[in-house]
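Proteins come first, then strands; the chains are lettered A, B, ... in the order of their sequence lines, and each starts at number 1.
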Number of protein chains: 4
Amino acid sequence: MNQTAESSNTIDEILEAAAVVFSEKGFDGARVDELARAAGVNKATLYYQIGDKEALYHAVLTRVIKRTANDIEQALETVSDCELRIRAFVEIFARNTGNVRYAAPIMLREVASGGRNLPESAVQEMGRVLGALTDTLQQGIEQGLFRPVNAFMVHMMIVGSLTLYSANEPIRHRNAKHNPEIHDPSHFITTEEAGREVGNLILAAIKAQPQETQS
Amino acid sequence: MNQTAESSNTIDEILEAAAVVFSEKGFDGARVDELARAAGVNKATLYYQIGDKEALYHAVLTRVIKRTANDIEQALETVSDCELRIRAFVEIFARNTGNVRYAAPIMLREVASGGRNLPESAVQEMGRVLGALTDTLQQGIEQGLFRPVNAFMVHMMIVGSLTLYSANEPIRHRNAKHNPEIHDPSHFITTEEAGREVGNLILAAIKAQPQETQS
Amino acid sequence: MNQTAESSNTIDEILEAAAVVFSEKGFDGARVDELARAAGVNKATLYYQIGDKEALYHAVLTRVIKRTANDIEQALETVSDCELRIRAFVEIFARNTGNVRYAAPIMLREVASGGRNLPESAVQEMGRVLGALTDTLQQGIEQGLFRPVNAFMVHMMIVGSLTLYSANEPIRHRNAKHNPEIHDPSHFITTEEAGREVGNLILAAIKAQPQETQS
Amino acid sequence: MNQTAESSNTIDEILEAAAVVFSEKGFDGARVDELARAAGVNKATLYYQIGDKEALYHAVLTRVIKRTANDIEQALETVSDCELRIRAFVEIFARNTGNVRYAAPIMLREVASGGRNLPESAVQEMGRVLGALTDTLQQGIEQGLFRPVNAFMVHMMIVGSLTLYSANEPIRHRNAKHNPEIHDPSHFITTEEAGREVGNLILAAIKAQPQETQS
DNA sequence: TATGAATGAGTGTTCATTCAT
DNA sequence: GATGAATGAACACTCATTCAT
């Protein structure tokens, strides 16, 4: 009966498993055998259901990006205050990046490769995310709440710091293991906590100084 | 006679060429044939001179990181003012990332892979970079110049934003070509200019508000 | 009700479609998917109805050979004059080869493969065809109408020339397209017309010279 | 020293071995592993020296055709009498087909496939063979030695009969083994002897009747 | 009877590495 | 020291066949 639900579930499981493998090994490092094994299906089934390695990667990539874009857009829908919108943006992005373990590595590799495998649709999706932030910043500037800042650079700071922090995790832990004497707890907050830090820093950076009126 | 100089020169040329290829294709995507061709040497010569693919990659990676660490340490040597030190840090990092085209993609991929190929020596090198920033921030905080901030997160914001911005370039240009109607010049500043923006934003974020007359 | 008629019809359609595919691609070049698609049935249905690829090929091959053998035997039944029998033989063979497009390629490939897939029954069938010609020639020789010739070689000449000519068609047309300046209309007669030419040549070759008695 | 001679020898050995395998199995039936094993080289070496399966097949095909064309042209160079030229043509073709075991199956399969893999150069080569015969026939007709015949059909008869006879061999032997009671020695002459038979038959078919005292 | 889905066993091709010179 | 040639071990992908429904 629920053939559709069932099979889209199968495909979804394949994509979920593939996302993990691709995030760990990258496109070229991932083996199709491994992708199939991780998904618990026969290699030929993978080809039958989705197509070749590239098609699988495209599907994974699009899915990751679309999910983040959707979450952010949805979260911002009900918030109108500019500062809260910024906080919401950073919070959702951080939560997504923290929870969906594979998102950050996949995105970093994709950027590193010059977006070689980035389908146009995915770029559009990313544009939605950027647009949400840019619009909010613009609005805040017009309302005199924010200083005039380069919105794109603010975007880079939020996305770059949180993606890097999240993907960094294995290196940080390895480092802590090798150099336990210099263990710094601030290196081991969750990505969500990191999001709050970043949110605070970004707002401190962009908020107009109220004291300007103090004479 | 100057055999040594000559061959170290050759080795340097090989590493430089290999860095470009690795940055474009990643470790798994790069082909040894291609690496040899790019370096203008026979494949077997490459093995004779440097060793296998992994050894070549390690050499490239260490070289990239060491160069950045050296440049930053050197630049900070003569600066003592905390704010100027922050500016110098960001500026040097941005200049390096902007000029050495292959640095950002290589670092992003390395982080994405969980530092799988990061030799301990390289991690130490990165620690030096982080240490330089952390110390400066700590000092500024103690001097009442900076608010108490999470130094590691500030580091992530600087490094993340600039690395991402630099590596982003091909995607930004592709996007501009496909959607010329929404061309935004702020997406196309140089990495050095981006560094200044980031420097300003970071300082705005961390500087203590002098007028807050804490009584 | 007419289940049998219907399914034998279906099987016949499958065999007809498969013959075309096999003639174009050969046994190893044909894909079961393609054979099923060409027949308009599901792949699993094909297995259910006929069996595996080899069984399908056997069925196709036997059918092709049997048809030719039947046609020739039937045509010769009512002809007793030796010369006319030779003409009938060539004519029927040419007509069959010309009309049943897939016959020639299938036979050529089968011969080329050393008859690897030729079932004994099919060989017997071919023996009937050869026998019909051989008997006629023998009879003609005994009647002083034909010179004593190697019957098998005459058979090769008839079958070889017409099969080759028919299967040749795509090459001839391609050649004509690439070298239109040397277009020779004698390369583009129908296989039936070719049969008449071959019939004339063969008879000229084997007929006893009546003038031997002149002197 | 004789690097060239040596390596062209290696390639030649590969081509010779591949010709045998392709003639037995056809393009699709031949396995690259098998081709390499037959040539006594590693599979990767085969790719290094020649290229992929298709390139190998092209090389084999061109070589086979060129050899026959060369032999025939060379043999006809010194013969001017029309009848002798016809005999020479048939004899050389038969000898080639008989000695070079793989030639006939390869050609039959190629024709069967519609010349799908026949490079233009090979078609030209075949044109030379056909041209040699056609010119001789035309000349003989003009000299009143031959009846006006369809030269292309004569060509088909010669080439078709001998190719078929040669490729037929396994089937004939198998048949003889299964039906020893009807063993006919005329089925087991050499291809060269078959060539003489065909030569006689063809000449008998095309020679003008001298006694027809055309007044 | 019919079929979408699944799969074990290949299949052509590539690759990092080594060797002979 | 340098290089054309060689190769074992993968690798992405396909195919004939079967299975569950």
Side-chain angles (χ1 to χ4, degrees), chain A residues 1 3-4 6-7 10-11 14 27-37 39-57, chain B residues 3 6-7 10-11 27-36 40-57, chain C residues 3 6-7 10 27-36 40-57, chain D residues 1 3-4 6-7 10-11 14 27-36 39-57:
Chain A
M1 277 298 131
Q3 194 86 336
T4 336
E6 209 184 314
S7 53
T10 299
I11 286 184
I14 291 177
F27 179 81
D28 292 305
R31 302 291 154 227
V32 175
D33 281 277
E34 194 181 3
L35 291 161
R37 201 177 334 115
V41 301
N42 182 283
K43 198 174 22 164
T45 302
L46 196 155
Y47 278 85
Y48 179 78
Q49 291 284 2
I50 296 188
D52 67 10
K53 195 185 179 185
E54 203 176 329
L56 176 57
Y57 182 73
Chain B
Q3 196 85 336
E6 207 185 315
S7 45
T10 300
I11 287 185
F27 179 81
D28 291 304
R31 304 289 160 230
V32 175
D33 280 274
E34 194 182 2
L35 292 161
V41 303
N42 183 282
K43 197 168 33 157
T45 303
L46 194 155
Y47 274 84
Y48 181 81
Q49 292 280 7
I50 297 189
D52 68 11
K53 193 184 178 186
E54 203 174 333
L56 176 57
Y57 182 73
Chain C
Q3 197 84 337
E6 208 184 314
S7 40
T10 299
F27 179 81
D28 291 304
R31 304 291 158 229
V32 175
D33 280 274
E34 194 183 3
L35 291 161
V41 302
N42 182 282
K43 196 168 33 159
T45 304
L46 195 155
Y47 274 85
Y48 182 81
Q49 291 279 6
I50 297 189
D52 68 9
K53 194 184 177 184
E54 204 175 331
L56 176 57
Y57 182 73
Chain D
M1 276 303 130
Q3 194 84 339
T4 338
E6 211 185 311
S7 53
T10 299
I11 288 184
I14 292 177
F27 180 81
D28 291 303
R31 301 295 152 226
V32 175
D33 281 276
E34 193 182 3
L35 291 161
V41 301
N42 183 284
K43 197 169 28 158
T45 301
L46 196 154
Y47 277 85
Y48 179 78
Q49 291 283 4
I50 297 189
D52 68 9
K53 194 185 178 184
E54 203 175 328
L56 176 57
Y57 182 73

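Nucleotide F:dT21: paired with E:dA2 (Watson-Crick or G-U wobble, both distances less than 3.5 Å). Using the Watson-Crick or G-U wobble rule with both distances under 3.5 Å, E:dG12 pairs with F:dC11.
As rounded to whole Å, 14 Å separates atom C1' of F:dA16 from atom CD of C:E34. In this structure, the OH atom of B:Y47 is 18 Å from the P atom of F:dG1, given to the nearest Å. Following rounding to the nearest Å, C:L56 (CG) and F:dT17 (C1') show an atom-to-atom distance of 14 Å. In this structure, the CG atom of C:N42 is 13 Å from the C1' atom of E:dA6, given to the nearest Å. Rounded to whole Å, atom P of E:dG12 lies 10 Å from atom CG of C:D28. Atom-to-atom, CG of D:L35 to P of E:dT11 comes out at 12 Å; the value is rounded to the nearest Å.
Donor-acceptor pairing under 3.5 Å, judged by distance alone, is present between the side chain of B:K43 and the base of E:dT17.
Judged by closest nucleotide on DNA chain F, B:V41 is the one of A:F27 and B:V41 placed further toward the 5' end. Residues B:V32 and D:D52 each lie close to DNA chain E; by heavy-atom proximity, the contact nearer the 5' end of the strand is made by D:D52. In this structure, B:A44 and C:D33 both approach DNA chain F, and ranking their closest nucleotides by distance from the 5' end singles out B:A44. With DNA chain E read from its 5' end, the first of the two nearest nucleotides for C:L46 and D:K53 is the one closest to C:L46.
For F:dA12, the OP1/OP2 oxygens have a side-chain nitrogen or oxygen of A:R31 closer than 4.0 Å. The side chain of C:Q49 contributes an N or O atom lying less than 4.0 Å from OP1 or OP2 of E:dA2. Distances shorter than 4.0 Å separate none of the side-chain N or O atoms of A:T45 from OP1 or OP2 on E:dA5. The phosphate of E:dA6 has neither OP1 nor OP2 within less than 4.0 Å of any side-chain N or O from A:Y48.
B:K53 contributes a side-chain N or O that, together with a main-chain N or O of B:F27, makes up a donor-acceptor pair within less than 3.5 Å.
In this structure, the side chains of C:Y47 and C:V32 come closer than 4.5 Å at one or more pairs of heavy atoms.
As judged by a 4.0 angstrom heavy-atom cut-off over every strand, A:A55 is placed among residues making no nucleic acid contact. Across all strands, C:A36 comes closer than 4.0 Å to no nucleic acid atom at all (heavy-atom distances).
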Using side-chain contact (heavy atoms from CB on, under 4.5 Å), reason through B:T45 and B:T10 one step at a time and then give a plain yes or no. CA-CA 11 Å; B:T45 303; B:T10 300; over 6 Å; no
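Separation of atoms CZ (D:R31) and CG (C:D28) is listed at 6.0 Å; rounding is to 0.5 Å. One distance of note links CD1 of D:I14 with CD of D:Q49; it measures 5.5 Å at 0.5 Å rounding.
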